[in-house]
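Structure record follows, encoded as structure tokens.
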Amino acid sequence: MSNNKPQQVITRFAPSPTGDLHIGGARTALFNYLFAKRHNGKFLLRIEDTDKARSTPQAVAAILDGMAWLGLEADEPPIYQAQRANRHAEVAHELIASGKAFKCYLTPEQATIQREKAMAAGHAFRSPYRDGDHQNNFSPFVVRLRAPDDDVAIIIDDKVQGPVRTMGKDLDDMVLLRTDDSPTYMLAVVVDDYDMKITHVIRGDDHLTNAARQSVLIDALGWQRPIYAHIPLIHGSDGKKLSKRHGALAVGEYEKMGYLPEAMLSYLLRLGWAKGDLDIVPIAEAIEIFDLEGLGKSPSRLDFDKLAQVNAFFMQLADDKRLLEMVRKWAERSQIEIADTDFTKILAAMPILKARAKLIPDLLEQSEFIWAKTPMQFTPKARELVGGFGKEVVTHAATILKELSNWDIEMLRLSLSNLATEKNVGMGKIAPALRAALTGGLVAPDIAQTMEILGKNEVSARLDYATKI
RNA sequence: GGCUCCUUCGUCUAUCGGUUAGGACGCCUGAUUUUCAAUCAGGAAAGACGGGUUCGACUCCCGUAGGGGCUGCCA
């Protein structure tokens with residue numbers, strides 16, 4: 001186990017391409033990425049496609065897209081496990097030669113019966129072929145690893161779970177090579193991790209017991225075990241296993257809902273990892289401080305409120321033009337047509353808009369007062385506000401504002417407060433009417449800001465129209 | 001069934017034997033006398049349960065309950 005040469009840290013994310021990259025996988029990838037970066041190591045990607053029946057190229061693409069969107073790029077091109085089948089078979093045969101593995105001629109049906117019998121006896125499955133020599137048997141066979149004796153203890157010193165002990169009696173003679181000579185997951189991971197020189201395996205704790213089984217294999221090969229860190233799975237909001245209903249959605253779905261990738265990353269980081277009182281940790285900072293010690297042992301649940309809040313935080317940091325492009329995309333998706341002149345206004349208003357938004361679509365909604373078709377549709381309430389005294393205010397304001405030479409925020413604020421003074425009332429009496437006149441009842445920022453954003457001509461037109469309805 | 005992991009406010013979590021159990025989201029109240037939001041100021045809110053160990057346990061040990069995982073020629 002001792003190694004006097006400092007090894008370069010190499011981690012990997014190894015999804016099976018049987019579906020989209022969902023939130024749990026993304027978090028696992030993130031932890032591996034962060035750990036590698038923290039130690040100036042490498043982060044690799046391996047597609048575990050040894051299950052031919054369930055693996056699809058679409059899923060591979062979805063995973064790659066998801067990783068790219070999140071910015072979790074691997075340092076080398078992905079390794080496709082199925083392409084390494086020959087290497088896997090070679091290792092299995094070495095194991096047979098050394099007596100650590102054997103050919104098992106049990107049919108699947110026979111194996112099932114044996115397994116049930118063993119289980120009933122409180123013991124793991126053992127093949128009747130594990131000890132004998134069956135050179136003359138030419139029936140189809142699988143290659144199985146000969147499990148350790150009953151009282152042999154396998155200790156995994158897990159960085160998250162602590163030392164975990166498994167007894168030999170609980171380990172079965174697991175299949176390494178199928179009847180068709182293709183490798184199983186257990187063989188493939190071990191061989192690939194070794195060939196890829198993986199030093200740290202950070203993965204879901206659904207693999208915790210597998211770590212013991214894999215360690216037996218690794219020991220049989222005389223290789224060095226990687227350091228393990230098994231992180232708890234993410235649960236749904238009801239504490240049950242994560243499902244689609246809970247948000248086990250593809251990361252692409254989060255993109256469509258209007259979350260920023262950096263927000264997803266930052267949220268995911270804190271789901272199961274902590275460092276004192278730190279709350280929102282941007283990824284660049286996480287690279288400096290991420291450690292295995294901060295990983296929690298208990299499963300966590302998704303909280304969309306918190307996610308939204310984190311997203312709001314990153315939206316405020318986001319570049320206005322980038323945000324504008326996203327608004328454009330959402331508008332297209334919702335089949336809302338927005339004129340270029342309005343996009344210009346939206347961009348100018350972005351610092352104000354983004355401070356009020358949680359998700360990207362909020363930007364679209366909250367800018368409706370800019371792009372809504374004019375003349376405005378008035379809500380009943382707004383219509384009421386521009387009547388009576390409101391009408392007087394709007395008319396008066398229209399006159400004053402038309403004479404303004406400088407259309408800037410200070411000027412507008414001053415004019416508005418002068419107007420209030422003239423009318424001998426507070427802002428509370430005039431702002432609602434003006435707001436209604438300018439927006440028809442839509443939400444909008446501060447009234448002076450709204451005017452500045454809309455521009456002199458537009459404000460004039462809207463005020464004039466409001467006096468006529 | 002066997003083995004194994006987990007359990008602090010509603011949620012994410014801090015605490016690594018001695019704290020008024022801290023922070024964040026959400027929630028409630030108030031403020032900004034211009035909507036909605038944002039912001040600011042307050043507030044309510046937690047150690048699953050039962051035994052030990054100890055001068056002293058959220059923290060260590062055992063058990064119970066609840067939840068997760070593995071037990072495949074799936075990964």
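Below, read A as the first sequence line, B as the second, and so on, with proteins coming before strands; counting in each chain starts at 1.
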Exercise. For atom C1', what is the distance between B:rG18 and B:rU4, given to the nearest Å?
Worked result: 34 Å
Exercise. When only distance counts, do a donor and an acceptor, one from the side chain of A:Arg356 and one from the base of B:rC36, lie under 3.5 Å apart?
Worked result: yes
Problem set entry | Below 4.0 Å: OP1/OP2 of B:rA38 and any side-chain N or O of A:Lys358 | yes
Exercise. Taking atom types as they are modelled, is there a donor-acceptor pair under 3.5 Å from the base of B:rU71 to the side chain of A:Asp172?
Worked result: no
Exercise. OP1, OP2 of B:rG72 versus side-chain N and O of A:Arg115: anything below 4.0 Å?
Worked result: yes
Exercise. With A:Asp193, which of A:Arg84, A:Arg46, A:Arg203 fulfils salt bridge (Lys or Arg N to Asp or Glu O under 4.0 Å)?
Worked result: A:Arg46
Exercise. With respect to the phosphate group of B:rC6, does any side-chain polar atom (N or O) of A:Lys297 fall under 4.0 Å of OP1 or OP2?
Worked result: yes
Problem set entry | Pairing partner (Watson-Crick or G-U wobble, both distances under 3.5 angstrom) of B:rG42 | B:rC28
Problem set entry | Rounded C1' spacing from B:rA21 to B:rU59 in Å | 11 Å
Exercise. Looking only at side-chain N and O atoms, does A:Thr50 come under 4.0 Å of OP1 or OP2 in B:rA75?
Worked result: yes
Exercise. Heavy atoms under 4.0 Å, any strand shown: does A:Asn210 hit a base, just sugar-phosphate, or nothing?
Worked result: base
Exercise. Within the structure, does a side-chain N or O atom of A:Ser300 lie under 4.0 Å from either OP1 or OP2 of B:rU13?
Worked result: yes
For this session: Indicate, with yes or no, if the rings of A:His207 and A:Tyr185 have centres closer together than 6.0 Å.
Result: yes
Exercise. Which atom pair, heavy atoms only, marks the closest approach of A:Glu452 to A:Trp407?
Worked result: CA-NE1, 3.7 Å
Exercise. Looking only at atom C1', what distance separates B:rA44 and B:rC55, rounded to whole Å?
Worked result: 35 Å
